[in-house]
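Presented below is the structure to which this report refers.
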Amino acid sequence: MKIERSIRNDHIARIEGKAGIFVKIGEEISAKINVTEGPRFFEVITKGRRYDDAVAICPRICSFCSIPHKLTPIEAVENALKIEVSERVKKLREILYLGNMVESHILHLLLFAIPDYLGYPDAFSMTKDHPELMKIGLEIKNFGVFIQELIGSREIHPENAVVGGFGRIPEIKHFYKIGEMAKNILQNATAIVEFFTEYEYPSYVNLARNHLAINPYNGYGVYGEEIKTTDDLTFHVSLYKEHIKENVESYSFAKRGEYKGKPFMVGALSRLVHNNKFINGTAKDLLSEYKKFLTPENPFANNFSQAIEIVHFIEKIKEFAEEIKIRKEEIVKPTEKSGAGCAVTEAPRGLLIYEVEIKDGLIEYMNIITPTAMFLPMMEIDIKNMAKGLWEEGYKDTDLIGKKVEMVMRAYDPCISCSVHVIKL
Amino acid sequence: MDNIYSLYKCRVLRVYDLTDDVKLFLFRFENPDIAESWTFIPGQFVQLDIPGLGEVPISICSSPMRKGFFELCIKKIGRVTDKIHELKPGDFVGVRGPYGNGFPITEFEDNDLLLIAAGIGMAPLRSVFMYALDNRWKFGNITVINSAKFGKTLLFKKELEAMRDMAEAENIRIIQTVTRDPDWPGRVGRAQEHIKYANTKPEDAYVCVCGPPQIYNDVFQTLIKNSYDPRRIYVTLERRMKCGVGKCGHCIAGSSTFLKYICVDGPVFGYYDIISTPGLI
Amino acid sequence: MSLKIGVHGLTSCYGCQLKMASVKEIINIARNFDIKYWYMISSKGEIEHVDIAFVEGSVTTKEDERELKIIRENADILVAVGSCAIHGGVQGILFGEEYEKAFKEVYGDKKIEYEAEISHPIKNFVEVDYNLPGCPPEEDEIIYYLATFALGSYPEEKDYPVCSECRRNGYPCVLIEKNDCCLGPLTVAGCNARCLKYGISCIGCRGALEEIAWFDSLAKTFKEKNMGEEYVKSRMEIFGKQYEKMEEMLKKVFENED
Amino acid sequence: MRYVKITNEKIYDFLERLKNYGKLYAPVKISDKFYDRKEIEDVREIAFEYIRTLMPAKKYFVSPTEKMFEIDIEKGEYKETLENIEPFVIFGMHACEIVGLRILDGVYLDKYPDIYYKRKRDAGIIVGLSCLPDEYCFCNLTRTDFVDVGFDLFLHELPDGYLVRVGSPNGHKIVDENTDLFEEVDKNDIDAFRAFEEKRQEMFKWEGSFDNMRYILELTMEDEVWDEEVEKCFGCGNCTNTCPTCRCYDVQDIPDIDGKKAKRIRFWDSCQFRGHGLVAGGHNFRGTKRDRFLNRYICKNAYFYGLGTSYCVGCGNCTYFCPANIDYLKNLMKIRSMTEVKNG
Ligand SMILES: Cc1cc2nc3c(=O)[nH]c(=O)nc-3n(C[C@H](O)[C@H](O)[C@H](O)COP(=O)(O)OP(=O)(O)OC[C@H]3O[C@@H](n4cnc5c(N)ncnc54)[C@H](O)[C@@H]3O)c2cc1C
Ligand code: SF4
Ligand code: SF4
Ligand code: SF4
C-alpha cells in the first residue's frame with residue numbers, strides 16, 4: 001500500500017506577507033509555495049508619474065525593506081538623470097540603509113526565526129521565559145528605528161530621502177547619540193550571534209548552490225554596481241536581464257527568478273559567502289571563531305549570517321556617524337529631463353534591482369526585481385529536501401514536518417509583499 | 001490661585017432609568033464642605049468628567065434647595081455619555097461648576113411660570129420646576145408642558161404623572177403630550193398646541209423653553225399669538241463645549257454684533273436675543 | 001479581564017502590522033491584551049471570536065474577501081488599519097480598465113489559480129467600525145486606539161487636515177513658500193506633519209478627509225501656481241484615487257475658464 | 001510715560017542683558033520667506049526687519065499643545081501639571097500683537113482666570129518694537145497701530161538707535177538696573193520719532209475706520225460675494241492658527257496602554273474644522289464650509305468690550321499665511337465697497 005501525506009498550510013505565520021505551502025510526500029515528494037497575496041503592479045502604478053512621486057510610491061512595496069525600496073529607485077533615477085549627489089548625502093544614505101538592515105534583521109530573527117529555535121509559537125510567549133533575549137533584541141531594534149527616524153523621517157516609508165538628497169539633514173548632535181547607542185548595543189548583537197551557534201543545521205537541506213551578491217564599492221556594504229556569482233562571473237547591473245530571468249507559475253502571484261536556468265540564492269548568507277573578506281572589527285573576530293557556521297550549501301546559515309551582519313553594521317554605522325560632517329545642503333535638481341538608469345543594492349533579503357526610463361520627468365518604464373522573487377525557486381527546493389529528508393528518516397508526523405519546513409522558509413526571511421509587485425520582463 | 005479646570009470628586013448615590021437612553025443620577029460631593037456650600041441657579045450646568053475619557057456639560061436638573069445633593073439627567077448619545085450610563089451607585093466621577101447664567105429666577109418670583117420642554121429639554125426645566133415647588137409661595141400659577149415623540153421617551157413621565165392630581169389643587173398644571181405614539185392614552189400633538197391649556201396668565205407669566213432648535217420658532221409664534229410677553233420668554237441653548245468657562249471657543253455663537261459664549265453668557269437667552277441674532281439657534 | 005484582539009493582513013506592504021509590532025510598548029500590549037491571532041507574529045491561533053479585529057491591507061483577491069468576511073463575523077469591533085484598508089492604498093490607483101490592462105501585461109495569458117481583482121478598501125465588503133489612518137499609522141495613535149478600547153470606550157477620530165499640525169509645530173508652509181504640490185490641506189491629521197518637518201511636501205499618505213477634502217479648492221490654487229492638470233491629478237490620486245468625488249472636482253477646476 | 005534712548009552700538013549689549021531676565025525669544029528668519037520666534041543664543045541672529053512671524057506670540061502663553069492634568073483613572077484623581085515656569089522675555093513684539101495679547105488677557109483672565117495662561121503671562125516680559133507696514137497690514141484701520149499698555153518696554157526705531165517707552169514696573173526695573181545702556185531723549189530724537197510715525201502712517205495702504213464693519217458684515221452674510229471665496233478655501237485653519245487673537249482649543253484625554261493613567265491635553269483648534277461645531281447625535285452648528293468660513297469673519301469683527309476694539313488687530317497674518325490666497329481685508333472691503341486709497 002502506498003503511503004501518501006500532504007501538508008498544507010494556506011497562511012504561513014511569522015513571515016512578511018501572505019503565502020501558503022503545499023508539500024506532498026510519499027513516493028513522489030513535491031513542494032510548492034503558493035503566494036496568495038494579490039498582485040499590486042507597482043511598475044504599472046508608477047508609470048506616467050513624476051519620478052519623485054514614483055519613488056515615494058516604491059517603498060510601499062514592502063515595509064520591512066521600505067528604505068531599500070526608497071534608496072534603490074532614487075539611485076536608479078539619479079543615474080538616469082545624471083544627478084550627482086555629494087559624498088555627505090551618500091554617506092547619510094548609507095547610514096540610513098544600514099539602520100534599516102539592522103532593524104530588519106533583528107526583527108526577523110527575534111519575531112520570526114528565534115521562536116522556532118526555542119519552540120514557541122511567537123515572541124510574546126517566548127518573552128515570559130526569555131525576557132533578557134527579548135530585551136536585548138528590542139534595544140537593537142530601537143537603535144535601527146532611531147536612525148531611520150532621524151535620517152529618513154520614519155522607519156517605515158521614509159519621506160525625507162528624495163531624489164537629489166534629503167529634505168532636511170539632521171543636526172550633528174544626533175549623530176553623537178548614534179555613536180553612543182552603537183557602543184551600548186554591540187554586546188547585545190554579539191549575544192545574538194552566539195545564540196545561533198548553539199544549534200546545528202539540519203543536513204537534509206545541504207545542497208551546493210549558486211549565490212549572487214553585490215560587489216560592494218568600499219568594504220562590506222550594500223552599495224555597488226556589479227553583481228558577483230558563485231561560478232565566478234561578475235557583471236554590471238545594467239546587464240541583469242541577460243543573467244537573471246523571471247517566470248510565472250500558475251500557483252503563485254509571485255515571479256520566480258533563475259540564473260543560468262537554475263534556482264539561486266541571495267541574502268545575508270550570499271553576501272558573506274562572497275564578501276567575508278571585507279568584514280572587520282568585532283564581526284570579523286566572531287566570524288573566525290564560528291567559521292563552521294558559514295556554510296554556503298545550507299540555508300540555515302542565513303540566520304547566522306544575519307546575526308553577524310548586525311554586529312558588523314552596528315560598528316559600521318558607529319564609524320560613519322563619528323566621521324560625518326554636517327552641513328546644510330540643497331536638494332540637487334536634475335539638469336536632464338530624460339534618461340535611463342539602473343541600480344542595485346543589497347536589501348536585507350538580498351539583491352534588489354531597479355531599472356527606470358524617464359521621459360520629460362515622467363516614468364516611462366520601471367522594472368523591479370526583488371530578492372524574494374529571486375530566491376523563491378531555491379527555497380522550494382530546500383523545503384522539498386527538508387520534507388524528504390525527514391520522511392525518509394522515518395518521521396511520519398506531518399505537524400512536525402510542517403514545522404521544520406516552515407523553519408526552512410523562515411531561514412530565508414522571505415518577503416512575500418516584495419515578491420508580488422511585478423511586471424513582465 | 002485655584003485651577004478652574006480642577007474637578008471635585010463626586011459619588012454616584014443612585015441611578016434611575018427614565019427612558020431607554022436617559023438615566024437620572026443622584027450625586028453627592030465627596031468633600032463634605034463642598035457638599036454643604038455648593039449651590040447653583042436653575043438653568044446652570046456642570047462639567048461632568050469620566051477620567052480618561054473627558055468632560056461633558058450637563059444641566060443640573062434638581063432644585064438648589066436640596067443641599068448636599070444634585071441630580072443630572074443624561075442621555076446616552078456619544079463617547080462620554082455612553083460611559084456615564086455604565087456608572088453604578090458608589091462610583092466616582094469628577095464635577096466642576098456650576099457654570100452659565102441660569103434663569104433669572106428671582107425676577108420670576110411673584111409671577112406665573114410656564115415651562116415648555118421637548119425631549120431632553122425637560123432636564124434644565126425640571127430644575128426650575130423643582131425650585132418653584134420648593135418655594136411654592138413665591139410663584140403664581142405654574143404650568144409644565146412636557147413633550148416627546150413617544151410615551152416611552154417622555155422624561156420624568158412618572159414623576160410628573162404622580163403629582164398631577166395633587167398639583168391641580170395647588171394651581172399647578174401638568175401637561176404631557178406626545179407626537180408620534182398612537183398607543184399613548186394621554187394628550188397628543190406638539191408642545192405649542194397645548195399652550196392654550198396652560199393655567200398661566202399670559203400678561204404676567206414668565207416662560208422658559210428648552211428643546212431641539214427646530215421647535216423654537218413655532219413655540220415663539222404660538223406664545224405671542226396667545227399674548228405672552230416676548231420680553232419674558234427665555235430659552236436655554238446648547239453647543240459643543242470643552243471648558244465651560246468661556247475659553248475654548250467652541251460654543252461661541254451669534255453674529256458680529258452679538259457674539260456670545262453660550263457657556264458664560266448663556267446658556268439662557270432672552271427671546272429678543274434669539275430673533276435678532278442669526279446663528280444663535 | 002483583558003480584551004481579545006486579532007490582527008490580520010490582507011494585501012499590503014505589511015507596514016501597519018510591522019508598526020504595531022514595533023511600537024515601544026509592544027510588550028505592554030501583549031501583557032494587557034489577549035492576542036488571539038496575529039499571523040505575522042505568531043503561529044498560534046486561528047481566526048476566532050475577538051472583541052476587536054484590526055485589519056490591514058486591501059482586498060485584491062477572492063481569498064482576501066472570504067477571509068475578511070470571516071474576520072468580520074468573528075469580531076465585535078472591526079478597525080481598518082492604514083491607507084490600504086481604508087482607501088485601497090497605492091495599489092488602489094489601478095482602477096477599472098487600467099487594472100485589467102496591468103494584469104494582462106504582467107501575467108500575460110497565464111492562468112493563476114487564485115482570482116485577483118482591483119484593490120478595494122475593506123469598507124466595500126464589510127462594515128468598518130473605526131479607521132486607524134496612516135501609511136503606516138503613528139505609534140501614539142495605535143496606543144491611543146488600543147487604550148480607549150481597553151477603557152471600554154472608543155477613539156475620537158481626527159477630523160481635520162495636516163495643515164493644523166504643520167502650523168502648530170511652526171513648520172514653514174511649502175505651498176506658500178516654494179509653490180510645492182502639498183496635499184496637507186486634504187489629508188487627515190495625526191502624523192504631526194511629519195514630512196513638513198523635513199520640508200517635504202505632504203503626499204497625502206494618511207488619506208483624504210471624508211467629505212471635507214476640498215480637492216477642487218486645492219487644485220484651483222495649484223492651477224494658479226501653474227501646475228498642470230496631469231500632474232496635480234497624478235499626485236492627488238496616489239492615495240486618493242478611490243475618493244468618490246475627486247475626479248469630478250478636478251474636472252470642474254481644470255475644464256472651467258481656460 | 002518715561003522715555004529713554006538706547007543707541008545702535010548698545011543694542012546688542014541690551015539684548016544680551018535681557019537674557020538675565022529670562023530666556024530670550026525673538027524673531028529669526030526660518031526660511032526663504034518666513035520668520036518665527038525662537039529661543040535666542042546669539043543675539044545677532046535676531047531679525048529686526050521682520051514684519052510677521054509664522055506663529056503669533058500667543059504660542060508662548062497658550063501652547064499649541066499643552067498638558068493640563070495627569071489623571072489616575074482607577075482612583076479618579078487629577079493632578080494638575082503646572083510645570084515650573086521660568087521667567088522669559090519676548091523681544092520684538094509689534095503693537096498689533098501686543099493688543100492681541102491683551103485681547104487674550106480679556107478672555108483668559110476674566111471671572112474664571114486660566115491658571116496655565118496666567119502663570120505664563122506673569123512670567124513673560126514683553127519688549128515691543130516699532131515697525132513699518134507692508135501691504136498686508138491694516139492695524140491703522142483697527143486702531144491697534146499703537147499701544148499704551150501691555151508691554152514692559154517698547155522700542156521705537158530712530159536713525160541712530162531706539163526711543164524706549166517704559167510701560168511697566170518691570171520695564172522701569174530693567175532700565176534702572178542697566179543705566180549704562182540708556183541715555184536721555186533729546187529734541188533730535190523726538191523729531192526723528194515724529195518723522196518715523198509720520199512715514200509709517202503714510203505707508204498704510206488703506207484708510208478709514210473699521211468700526212461699522214460688524215454691522216455691514218451682519219447685513220451681508222447671505223450675500224453671494226462670499227460664495228467664490230468659500231469655494232477657494234481649503235478649510236485648513238492656517239488663518240486661525242496664525243491669528244494672534246484666535247484662541248479656540250480642543251481637549252483630549254490620552255489614556256495609557258494599561259488604562260490606569262491618562263493625560264489631559266489641550267491643543268489649538270480652529271473654527272474652520274468641521275468638528276468645531278459638531279455635537280453629539282450628529283447636529284453641526286457650522287455644518288457647511290460657508291458657515292465655517294463666515295464664522296471667522298463674524299468672530300474677528302465682533303466687538304471686544306474689554307478694549308473697545310474688534311477681535312481683529314489688523315496684523316494681516318491670516319491673509320499672508322493663507323495658502324489659498326484668500327484676502328481677509330479685501331473681502332471685508334468688498335462687502336463694504338470702500339475704495340482703495342494710496343499705494344493701492
Ligand atoms: C449647557 C448644556 C447643557 C446640557 N445639558 C444636558 C443634560 O442635562 N442632559 C444631557 O443628556 N445632555 C445635556 N447636554 C448635552 C451633552 O453635553 C452632550 O450630549 C454631551 O456632551 C455628549 O457627549 P459625548 O461624549 O457622549 O458625545 P460625543 O459626540 O462623543 O462628543 C464628544 C465631545 O464633544 C463635546 N460635545 C458633543 N456634543 C455636545 C453638546 N451637545 N454640548 C456640548 N458639548 C458637546 C463634548 O466635549 C464631548 O465630550 C448639554 C449641553 C450643554 C451645552
Ligand atoms: S506646508 Fe502643507 S501642510 Fe503645512 S500649512 Fe502649508 S499646505 Fe498645510
Ligand atoms: S487659511 Fe485660507 S484656506 Fe485655510 S481655512 Fe483660512 S481662509 Fe481657508
Ligand atoms: S483676523 Fe487676520 S488680520 Fe485680524 S488679527 Fe487675526 S490674523 Fe490678524
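Quick note: numbers below take in every heavy atom, side chains included, and nothing from hydrogens, waters or symmetry partners.
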Subject >> Winner by heavy-atom pair count (cut-off under 4.5 Å) against chain D, out of Ala150(C), Gly199(C), Ala189(C), Gly170(C) >> reply: Gly170(C)
Original post:
So with a 6.0 Å cut-off around CD of Glu49(D), is the heavy-atom count from everything else above 12?
Top reply: yes
Original post:
Which pair of non-hydrogen atoms, one from Phe34(D) and one from Pro172(C), has the smallest distance, and what is that distance?
Top reply: CD1-CB, 3.6 Å
Original post:
Take atom NZ in Lys225(C); do more than 12 heavy atoms of anything else shown fall under 6.0 Å from it?
Top reply: yes
Subject >> From Phe321(D) atom CZ to Arg167(C) atom CZ, the distance as rounded to the nearest 0.5 Å >> reply: 7.5 Å
**OP:** Under 4.5 Å, counting heavy-atom pairs only, tell me which of Ile143(C), Ile212(C), Asn28(C), Asp216(C) racks up the most with chain D.
**Re:** Ile212(C)
Original post:
Just wondering, more than 12 heavy atoms not from Glu39(D) lying within 6.0 Å of its CD?
Top reply: yes
Subject >> Interface moiety of Ser217(C) toward chain D, non-hydrogen atoms closer than 4.5 Å >> reply: both
Subject >> Options Gln252(D), His276(D), Arg274(D), ranked by heavy-atom pairs under 4.5 Å with chain C, top entry >> reply: Arg274(D)
**OP:** Measure across Tyr144(C) and Ile254(D) and return the closest heavy-atom pair with its distance rounded to 0.1 Å.
**Re:** CD1-CD1, 4.2 Å
Original post:
So which heavy atom on Glu224(C) is nearest to which on Asn325(D), and how close?
Top reply: OE1-ND2, 4.4 Å
Original post:
Is it the side chain or the backbone of Asn169(C) that comes within 4.5 Å of chain D heavy atoms, both, or neither?
Top reply: backbone
Subject >> Region of Glu25(C) in contact with chain D, defined by heavy-atom distances below 4.5 Å >> reply: side chain
**OP:** Find the one option among Phe215(C), Phe149(C), Trp214(C) whose heavy-atom pairs under 4.5 Å with chain D are most numerous.
**Re:** Trp214(C)
Original post:
Can you name the nearest heavy-atom pair linking Pro323(D) to Leu175(C), along with the distance?
Top reply: CB-CD2, 3.6 Å
Original post:
Do you know which two heavy atoms are closest between Ala147(C) and Asp256(D), and how far apart they sit?
Top reply: CB-O, 3.3 Å
Original post:
Is it true that atom NZ of Lys261(D) has more than 12 heavy atoms of other residues, nucleotides or ligands lying nearer than 6.0 Å?
Top reply: no
Original post:
So which part of Ser270(D) gets closer than 4.5 Å to some heavy atom of chain C, the side chain, the backbone, both or neither?
Top reply: neither
Original post:
Do the charged groups of Glu231(D) and Lys220(C) touch, with an N to O distance under 4.0 Å?
Top reply: no
**OP:** Please lay out, stage by stage, how Lys232(D) and Thr221(C) fare under the test side-chain contact (heavy atoms from CB on, under 4.5 Å).
**Re:** CA-CA 8 Å; Lys232(D) 272 159 69 181; Thr221(C) 296; over 6 Å; no
Original post:
Considering residues, nucleotides and ligands other than Lys197(C), do more than 12 of their heavy atoms fall under 6.0 Å from its NZ?
Top reply: no
**OP:** Answer with side chain, backbone, both or neither: which region of Leu218(C) has an atom nearer than 4.5 Å to a non-hydrogen atom of chain D?
**Re:** both
**OP:** Counting only heavy atoms closer than 4.5 Å, note whether Arg37(D) contacts chain C via side chain, backbone, both or neither.
**Re:** neither
**OP:** Identify the two heavy atoms, one from Met55(D) and one from Arg168(C), that lie closest to each other, and give their separation to 0.1 Å.
**Re:** CE-O, 3.2 Å
Original post:
Is it the side chain or the backbone of Asp269(D) that comes within 4.5 Å of chain C heavy atoms, both, or neither?
Top reply: neither
Original post:
Considering only heavy atoms, which portion of Phe33(C) lies under 4.5 Å from any heavy atom of chain D: side chain, backbone, both, or neither?
Top reply: side chain
Subject >> Sub-4.5 Å side-chain heavy-atom contact between Phe273(D) and Ser164(C) >> reply: yes
Subject >> Residue pair Arg31(C), Ile257(D): steps toward the side-chain contact (heavy atoms from CB on, under 4.5 Å) verdict >> reply: CA-CA 10 Å; Arg31(C) 201 172 288 147; Ile257(D) 188 71; over 6 Å; no
Subject >> Atom pair SG (Cys173(C)) and CG (Leu54(D)), whose distance is rounded to the nearest 0.5 Å >> reply: 8.5 Å
Original post:
Going by atom types alone, do Lys178(C) and Ser31(D) pair a side-chain donor with an acceptor below 3.5 Å?
Top reply: no
